[in-house]
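Notes follow once the structure below has been shown.
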Amino acid sequence: KKNGAQIERFSIIIPAKAVSMSARRHYFKRFFFMRLAKWSATGIDAIIIASPALGKANPEDLNREIVRAFETIKKNGAII
């Protein structure tokens, strides 16, 4: 949702059930934060919760999903 400021706040939750190795969980957190950095000054609060399918996803699919989700959120403040 919009937070009324020109800063964004993101939280990324990757449970051990979704990705068992901690190094892979940290990889995915860095992956998401690097992709989300280009959404600066949007004033969006977002919580990303990974599903067990994350471990099998490829980077291109993840990039497409991130862009699709944030375009939808910017357009109408939707929860995805």
Side-chain angles (χ1 to χ4, degrees):
K1 72 176 189 170
K2 288 274 190 183
N3 64 24
Q6 289 300 312
I7 60 169
E8 61 286 334
R9 296 181 290 193
F10 298 114
S11 176
I12 299 173
I13 301 169
I14 303 175
K17 190 172 185 177
V19 179
S20 61
M21 293 180 55
S22 66
R24 286 297 282 170
R25 286 195 303 275
H26 291 293
Y27 163 80
F28 282 117
K29 285 184 181 185
R30 287 190 309 271
F31 178 88
F32 284 114
F33 276 121
M34 288 180 1
R35 291 343 180 253
L36 297 172
K38 65 181 171 183
W39 294 90
S40 62
T42 57
I44 292 176
D45 291 341
I47 299 172
I48 298 171
I49 303 173
S51 76
L54 177 65
K56 299 177 184 89
N58 64 42
E60 293 83 24
D61 290 340
L62 292 175
N63 278 330
R64 276 194 298 275
E65 288 299 315
I66 291 169
V67 169
R68 182 188 66 77
F70 275 90
E71 285 176 351
T72 302
I73 289 169
K74 279 182 75 171
K75 186 189 306 182
N76 58 12
I79 297 174
I80 297 186

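Keep in mind it's a predicted model, so treat the numbers as computed, not measured.
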Solution key, residues 10-25 side-chain donor-acceptor pairs under 3.5 Å, sequence neighbours excluded:
residue, atom, partner, partner atom, Å
Arg25, NH1, Val19, O, 2.9
Arg25, NH1, Ser20, O, 2.9

Parallel, tilted or perpendicular, as decided by the 30° and 60° cut-offs, for the rings of Phe32 and Phe28: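 Ring orientation, 0 to 90° scale: tilted.
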Who else is in Met34's hydrophobic cluster (ILVMFWY, side-chain heavy atoms under 4.5 Å, direct or via others)?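 ILVMFWY cluster around Met34 holds nothing else.
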Cluster question for you: counting only ILVMFWY and a side-chain heavy-atom cut-off of under 4.5 Å, with indirect links fine, are Ile49 and Ile66 together?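 No, no single cluster joins them.
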Pro59 to Phe31 - nearest heavy-atom pair and separation: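 Closest pair (atom of Pro59, atom of Phe31, distance): O-CZ, 3.8 Å.
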Write out all pairs satisfying side-chain hydrogen bond (donor to acceptor under 3.5 Å, both in side chains) with one or both partners inside residues 56-67, taking only residues at least two apart or from two chains.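 Listed once each, the pairs are Arg35-Asn63, Asn58-Asp61, Asp61-Arg64, Glu65-Arg68.
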